[in-house]
Amino acid sequence: MAKIDEIYMSEALKEAIKAAEDDEVPVGCVIVHQGKIVARGRNQVERLKDPTAHAEMIAITSATNCLESKWLNKATAYVTIEPCSMCAGAFVLARVNRLVYGADDPKTGACGSLTNIANNKKLNHRIKIKKGVLAQECGVLLSEFFKKKR
């Protein structure tokens with residue numbers, strides 16, 4: 001499973017690179033269902049002038065449209081950085097089965113760093129989480145982006 005997780009995380013990284021090329025915070029997401037990528041997303045907050053246009057939100061909408069279902073309970077989401085509270089909440093509402101992410105986000109991460117929405121026992125759904133997949137590559141991409149901004 002580890003090698004497969006790296007392959008799909010590499011696809012999420014491609015989306016993050018595209019976001020950086022568009023001068024967006026470089027976050028990418030792919031959603032996999034039955035061994036196939038059913039959705040891709042990258043941050044588009046600046047382009048769309050929409051604070052909710054995170055990579056994960058775009059990928060969730062795309063995946064539910066592709067699968068014609070509001071539930072993603074047999075899907076795995078791959079995200080280059082730990083999802084924020086909005087995105088972690090959306091993954092819970094969509095009932096994503098598994099979440100794999102790259103770099104931790106100590107400032108806004110909602111899958112264990114700042115809070116843990118994705119695996120909160122009080123909610124009606126909990127997500128299996130694997131963190132740290134290609135963490136260095138994901139983290140460097142973000143660091144380099146913000147260095148250029150300063």
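Computed from a predicted model, the values in this text were never measured in an experiment. When reading the values below, keep in mind they use all heavy atoms of this one structure, side chains included, and skip hydrogens, waters and symmetry mates.
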Let me check something: any side-chain donor-acceptor pairs from residues 90-107 under 3.5 Å, sequence neighbours excluded? List them with distances.
residue : atom : partner : partner atom : Å
N97     : OD1  : K128    : NZ           : 3.4
R98     : NH1  : D5      : OD1          : 3.2
R98     : NH2  : D5      : OD1          : 3.4
R98     : NH2  : D5      : OD2          : 2.7
Y101    : OH   : D104    : OD1          : 2.9
D105    : OD1  : K107    : N            : 3.2
D105    : OD1  : T108    : N            : 3.3
D105    : OD2  : T108    : OG1          : 2.6

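- Side chains of H33 and L72 form no contact here, defined as non-hydrogen atoms less than 4.5 Å apart.
- Side-chain atoms of R42 and E24, non-hydrogen and from C-beta on, never get closer than 4.5 Å to each other.
- By the side-chain hydrogen bond (donor to acceptor under 3.5 Å, both in side chains) test, N120 is found to be paired with no residue, residues two or more places apart in sequence or in another chain being considered.
- In this structure, CD1 in I37 is found 8.5 Å from CD in E15, a value given to the nearest 0.5 Å.
- Within the model, atoms NZ of K36 and SG of C66 stand 5.5 Å from one another, a figure rounded to the nearest 0.5 Å.
- Judged purely by atom type and a 3.5 angstrom limit, T61 has no side-chain atom pairing as donor or acceptor with the backbone of I58.
- For K130, the NZ atom is densely surrounded, since the number of other residues' heavy atoms within 6.0 Å is greater than 12.
- The minimum heavy-atom distance linking L134 with S10 is given by the pair CD1-OG, 3.6 Å.
- Under the 3.5 Å distance criterion, the side-chain polar atoms of D50 are matched with a main-chain donor or acceptor of T52.
- Between K18 and E21 there is no salt bridge, since no side-chain nitrogen of the basic residue lies less than 4.0 Å from a carboxylate oxygen of the acidic one.
- Put simply, the side chain of S69 gets close to the backbone of W71: a donor and an acceptor are under 3.5 Å apart.
- For the pair Y8 (side chain) and G35 (backbone), a donor-acceptor distance under 3.5 Å is present.
- With a 4.5 Å cut-off on side-chain heavy atoms, V140 and C138 do not count as touching.
- With hydrogens and angles ignored, the 3.5 Å screen pairs no side-chain donor or acceptor of N43 with any backbone N or O of H54.
- Annotation: R47, atom CZ; neighbour count of heavy atoms from other residues, nucleotides and ligands within 6.0 Å does not exceed 12.
- With hydrogens and angles ignored, the 3.5 Å screen pairs a side-chain donor or acceptor of E82 with a backbone N or O of C111.
- For the atom pair CG of N65 and CD of E68, the computed distance is 8.5 Å after rounding to the nearest 0.5 Å.
- The shortest side-chain heavy-atom distance between C87 and M57 falls under the 4.5 Å cut-off.
- At a threshold of 4.5 Å between non-hydrogen side-chain atoms, the residues V79 and V27 count as touching.
- No donor-acceptor distance shorter than 3.5 angstrom exists from the side chain of T80 to the backbone of A12, with no hydrogens or angles considered.
- Scanning for ring pair (Phe, Tyr, Trp, His ring centres under 6.0 Å) contacts around F145 gives an empty result, with sequence neighbours left out.
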